[in-house]
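Here is the structure we will look at, set down as structure tokens.
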Amino acid sequence: MNRLRTQVAIVGAGPAGLLLSHLLHRQGVDSIVLERRSREYVERRVRAGLLEHSTVELLRACGLAGRLDREGLRHDGFELRVNGHRHRVDTTALTGHRTYVYGQQELVKDMIRARLEAGGQVRFGIEDVSLDLAGDGPSTVRCTLDGRPAEIACDFVAGCDGFHGVSRRTIPPGLLTSYERRYPSAWLGILAAAPPTSRELVYAVHERGFALASMRTPEISRLYLQVEPGESLDAWPDDRIWKELRARLAVDGEAALTEGPVLERSLVELRSYVAEPMQHGPLFLAGDAAHIVPPTAAKGLNLAVEDVKVLSEAFHAWYATGDRAPLDGYSEARLPAIWEAEDFSDWMAHLLHRLPGDDTYGSRLQRARLDAVVNSPTAARQLAERYVGTSRQNSGGRARSRVTAAPG
Ligand code: RFL
Ligand code: PHB
């Protein structure tokens with residue numbers, strides 16, 4: 001038996017788990033990160049791209065933004081393309097804050113390198129993690145390490161193992177409430193060796209369905225298509241994907257797209273989910289383990305970063321002064337901002353998609369919302385504030401008003 005001891009055992013080496021381990025290390029708190037997949041796999045997994053200003057600020061403050069600042073793309077707005085007509089939302093002019101495009105897997109590479117260079121323990125390929133949570137005293141994380149059964153004694157467990165991880169499922173049923181919405185839609189995403197046609201992101205609302213033109217570098221495009229849920233990638237050969245992208249992203253009937261070899265393709269169902277509370281005894285959930293948003297508003301990674309910032313500060317308070325109040329209040333502190341992002345992501349999903357089953361009333365509502373964003377400076381400012389994330393800063397940490405504090 002392999003016996004180890006750490007202060008915080010972290011399950012999952014996605015952005016949440018790696019950043020938490022990094023922040024704890026800077027505060028002198030010891031952790032071990034246990035990841036189910038290989039290092040190569042997590043460093044190649046293509047996911048998020050859009051980072052909010054406050055996410056980048058945090059990464060800068062903790063020394064993780066060197067490459068991001070050199071290679072990341074600074075954005076001042078995006079385009080809303082409605083049936084071929086272009087409308088620009090100048091988010092920087094409306095909010096004073098930029099957004100950044102930098103691939104999640106690049107960030108994950110930077111974080112893994114930083115942890116390993118600092119002597120941190122990140123163990124990959126650990127497929128059998130189980131948690132034995134203690135009421136009092138140390139908890140135990142069991143798994144196989146270096147081919148031998150291992151027991152890791154720890155003060156706390158951070159469940160950063162994504163939506164399908166083991167941590168949330170360890171909380172006894174009845175002690176956790178799940179709020180969930182599934183949308184009758186999915187996104188097919190490709191990465192293509194083709195320079196993005198537009199310098200800014202293009203959100204295209206079209207009769208044939210939604211499309212998004214994003215990018216990763218000046219040479220690589222990241223493109224998404226709304227497709228039916230349950231679609232198979234086999235039904236989408238490259239020429240069908242490009243044909244559909246050309247149609248949905250056309251400007252005044254003209255193709256507005258650079259094409260190139262497809263490097264990667266994936267499908268993601270649109271789903272919203274929140275687990276309450278985000279903690280149970282010594283277990284604290286962060287990132288996708290606790291909540292999911294549809295990718296429409298690009299919030300998931302940004303929320304994960306905020307979660308672990310708050311959680312690392314709470315661990316610091318406990319280890320530095322013995323004050324457990326910030327840990328006890330973690331879930332309550334995070335949920336208002338999470339629900340603001342859930343609301344905005346749901347609102348964006350309805351703004352951008354014609355969903356199967358929508359009645360004609362639904363499509364007129366969509367048109368009214370688009371009209372407001374295009375024609376009303378107030379609506380545009382609100383959209384911009386929610387998009388860059390400044391609106392969430394008003395949702396956390398403050399005393400709740402009587403209305404929002406009311407149960408149910
Ligand atoms: P992750 O990244 O899922 O990492 C969890 C890690 O835990 C591991 N794991 C386990 N390890 C040990 N034992 C187990 N039993 C385990 N089970 C799982 C997994 O292998 C994995 O390595 O969660 P984390 O760290 O909370 O990070 C969340 C983000 O990944 C996610 O919210 C974003 O990717 C969402 N998202 C976006 N967010 C943004 O902020 N901006 C964007 O532009 C954006 N675009 C997107 C997105 C997500 C997308 N998809 C694929 C869902 C675009 C897409 C298409
Ligand atoms: C991405 O580049 O992957 C991306 C950008 C913006 C979104 C969603 C995804 O709203």
Side-chain angles (χ1 to χ4, degrees), residues 9-21 33-39 41-52 54-55 73 75 78 99-105 107-108 111-112 122-131 141 143 157-170 186-191 196 200-203 210 212-217 220-225 264-271 273 285-308 341 344-345 348-349 351-352 387 389:
I10 300 176
V11 190
L18 291 164
L19 180 61
L20 179 62
S21 177
V33 183
L34 301 168
E35 165 60 45
R36 185 159 60 105
R37 305 284 196 170
S38 68
R39 180 174 177 184
Y41 184 95
V42 298
E43 289 189 345
R44 280 210 200 119
R45 189 166 42 198
V46 179
R47 293 180 104 187
L50 192 72
L51 305 181
E52 293 175 352
S54 61
T55 298
L73 307 171
H75 282 235
F78 62 85
T99 49
Y100 295 76
V101 168
Y102 188 65
Q104 178 169 325
Q105 76 272 32
L107 200 54
V108 163
M111 289 174 172
I112 290 174
V122 186
R123 308 298 302 261
F124 294 96
I126 312 297
E127 294 179 348
D128 58 347
V129 167
S130 68
L131 310 181
V141 177
C143 61
V157 179
C160 301
D161 46 353
F163 186 66
H164 300 288
V166 67
S167 304
R168 192 181 63 252
R169 281 184 274 126
T170 307
W187 278 17
L188 189 162
I190 61 164
L191 202 63
E200 296 189 334
L201 271 65
V202 179
Y203 292 84
F210 170 72
L212 168 60
S214 179
M215 70 283 295
R216 287 295 175 268
T217 69
I220 305 280
S221 294
R222 175 75 166 148
L223 297 145
Y224 297 100
L225 277 176
E264 196 263 357
R265 1 143 86 244
S266 58
L267 272 171
V268 53
E269 307 275 320
L270 302 195
R271 178 204 291 252
Y273 175 88
L285 304 176
D288 280 14
H291 41 75
I292 294 276
V293 282
T296 37
K299 293 298 171 212
L301 172 58
N302 295 289
L303 287 178
V305 165
E306 261 170 29
D307 284 352
V308 298
F344 180 54
S345 304
M348 280 285 269
L351 180 78
L352 300 173
Y387 188 81

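Numbering of ligands and ligand atoms starts at 1, following listing order. Sequential numbering from 1 along the given sequence is applied to the chain's residues.
Remark: minimum distance from atom 4 (O) of ligand 1 to any protein heavy atom is reached at Gly14 CA, 3.4 Å. Residue, atom and distance of the protein heavy atom nearest to atom 27 (O) of ligand 1 are Pro15 CD, 3.6 Å. Looking from atom 6 (C) of ligand 2 to the surrounding protein, the closest heavy atom is Tyr203 OH, 3.3 Å. For atom 9 (C) of ligand 2, the nearest non-hydrogen atom of the protein is Tyr224 CE1, 3.7 Å. In this structure, the protein non-hydrogen atom closest to atom 1 (P) of ligand 1 is Arg47 NH1, 3.3 Å. Protein heavy atom closest to atom 32 (O) of ligand 1, with residue, atom name and distance, is Asp288 OD1, 2.7 Å. Protein heavy atom closest to atom 25 (O) of ligand 1, with residue, atom name and distance, is Ala16 N, 2.9 Å.
Using a 4.0 Å cut-off between heavy atoms, Ser214 contacts ligand 2 through its side chain alone, with no backbone atom that close. Contacts between Leu51 and ligand 1, counted as non-hydrogen atom pairs separated by less than 4.0 Å, are absent for every part of the residue. Contacts of Val42 with ligand 1, taken as heavy-atom pairs under 4.0 Å, involve the side chain alone. Using a 4.0 Å cut-off between heavy atoms, Ser214 makes no contact with ligand 1 at all. Using a 4.0 Å cut-off between heavy atoms, Leu201 contacts ligand 2 through its side chain alone, with no backbone atom that close.
With rounding to the nearest 0.5 Å, the separation of CH2 in Trp187 from CG in Leu267 is 13.0 Å. Here Thr170 contributes atom OG1 and Asp161 contributes atom CG; the two are 8.0 Å apart, rounded to the nearest 0.5 Å. One finds the CG atom of Leu131 at 10.0 Å from the SG atom of Cys143 (value rounded to the nearest 0.5 Å).
Atoms of ligand 2 found under 4.0 Å from any heavy atom of Ala298, numbered from 1 in the order shown, are 6 (C), 7 (C), 10 (O). Every atom of ligand 2 with a heavy atom of Pro295 under 4.0 Å away is listed here by number and element: 7 (C), 8 (C), 10 (O). Set against the non-hydrogen atoms of Val11, the atoms of ligand 1 under 4.0 Å away are 12 (C), 13 (N). In summary, the atoms of ligand 1 found under 4.0 Å from a heavy atom of Gly287, numbered by their order in the structure, are 26 (O). Of all atoms in ligand 1, numbered sequentially from 1 with element shown, those under 4.0 Å from a heavy atom of Cys160 are 5 (C), 6 (C), 7 (O). Annotation for ligand 2: atoms under 4.0 Å from non-hydrogen atoms of Leu212 are 6 (C), 7 (C), 8 (C), 9 (C). Counting the atoms of ligand 1 from 1 in the order shown, those under 4.0 Å from a heavy atom of Gly12 are 6 (C), 7 (O), 8 (C), 11 (N). With ligand atoms numbered from 1 in the order given, ligand 1 contributes 15 (N) to contacts under 4.0 Å with heavy atoms of Val166. Atom numbering of ligand 1 starts at 1 in the shown order; those under 4.0 Å from a heavy atom of Gly300 are 32 (O), 35 (C), 38 (N), 39 (C), 40 (O). Listed by number with element, the atoms of ligand 2 under 4.0 angstrom from any heavy atom of Thr296 are 10 (O). When each atom of ligand 1 is checked for a heavy atom of Asn302 under 4.0 Å away, the hits are 39 (C), 40 (O). Applying the 4.0 Å criterion to heavy atoms of Leu34 picks out, from ligand 1, the atoms 11 (N), 12 (C). Distances below 4.0 Å separate heavy atoms of Arg47 from the following atoms of ligand 2: 3 (O).
Taking all heavy atoms of Val129, Val268, Leu18 into account, the minimum distance to atom 52 (C) of ligand 1 is reached by Val268. Counting only non-hydrogen atoms, the option in Gln104, Arg45, Arg37 that gets closest to atom 22 (O) of ligand 1 is Arg45. Ranked by closest heavy atom to atom 8 (C) of ligand 1, the top entry among Arg222, Glu35, Arg36 is Glu35. Of the candidates Gly189, Gly165, Ala48, it is Ala48 that places a heavy atom closest to atom 45 (N) of ligand 1. Relative to atom 7 (O) of ligand 1, the option among Asp161, Leu285, Ile292 with the closest non-hydrogen atom is Asp161. The option from Phe124, Tyr224, Trp187 that lies nearest to atom 53 (C) of ligand 1, judged by heavy atoms, is Tyr224. Comparing Asp307, Leu301, Val33 by heavy-atom distance to atom 40 (O) of ligand 1, the nearest is Leu301.
Closest heavy-atom contact between Glu127 and Arg36: CG-O, 3.8 Å.
Assignment of Val101 to the shell around ligand 2 is not supported, since no heavy atom sits closer than 4.0 Å. Look at Met348 and you'll find every heavy atom at least 4.0 Å from all atoms of ligand 2.
Here the side chains of Val42 and Phe124 are in contact, with some heavy-atom distance below 4.5 Å.
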Do Leu301 and Thr55 pass the side-chain contact (heavy atoms from CB on, under 4.5 Å) test, and can you show the C-alpha distance, the side-chain angles, and the key distance before you say yes or no? CA-CA 9 Å; Leu301 172 58; Thr55 298; 5.6 Å; no
Test side-chain contact (heavy atoms from CB on, under 4.5 Å) applied to Arg45 and Gln104, step by step: CA-CA 8 Å; Arg45 189 166 42 198; Gln104 178 169 325; 5.7 Å; no
Determine, step by step, whether His291 and Lys299 satisfy the side-chain contact (heavy atoms from CB on, under 4.5 Å) criterion, reporting the C-alpha distance in whole Å, the side-chain angles of both residues, the deciding distance to 0.1 Å, and the verdict. CA-CA 11 Å; His291 41 75; Lys299 293 298 171 212; over 6 Å; no
Given side-chain contact (heavy atoms from CB on, under 4.5 Å), test Tyr273 with Asp288 step by step and report yes or no. CA-CA 9 Å; Tyr273 175 88; Asp288 280 14; over 6 Å; no
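For the salt bridge (Lys or Arg N to Asp or Glu O under 4.0 Å) with Glu264, the qualifying choice from Arg222, Arg216, Arg44, Arg47 is Arg222, the only one to do so.
The distance criterion of under 3.5 Å between nitrogen or oxygen atoms is met by Arg216 with respect to ligand 2. Every N/O-N/O distance between Gly17 and ligand 1 stays at or above 3.5 Å. Considering both main-chain and side-chain atoms, Ala289 never comes within under 3.5 Å of ligand 1 through any nitrogen or oxygen pair.
Relative ring orientation between Phe78 and Tyr387 is described as tilted, the plane-to-plane angle lying within the 30° to 60° band.
Although no hydrogens or angles enter the test, the distance criterion places no donor-acceptor pair under 3.5 Å between the side chain of Ser21 and the main chain of Gly17. In this structure, the side chain of Arg265 does not engage the main chain of Leu188 through any donor-acceptor pair within 3.5 Å.
Counting only heavy atoms, the protein never gets under 4.0 Å from atom 48 (C) of ligand 1.
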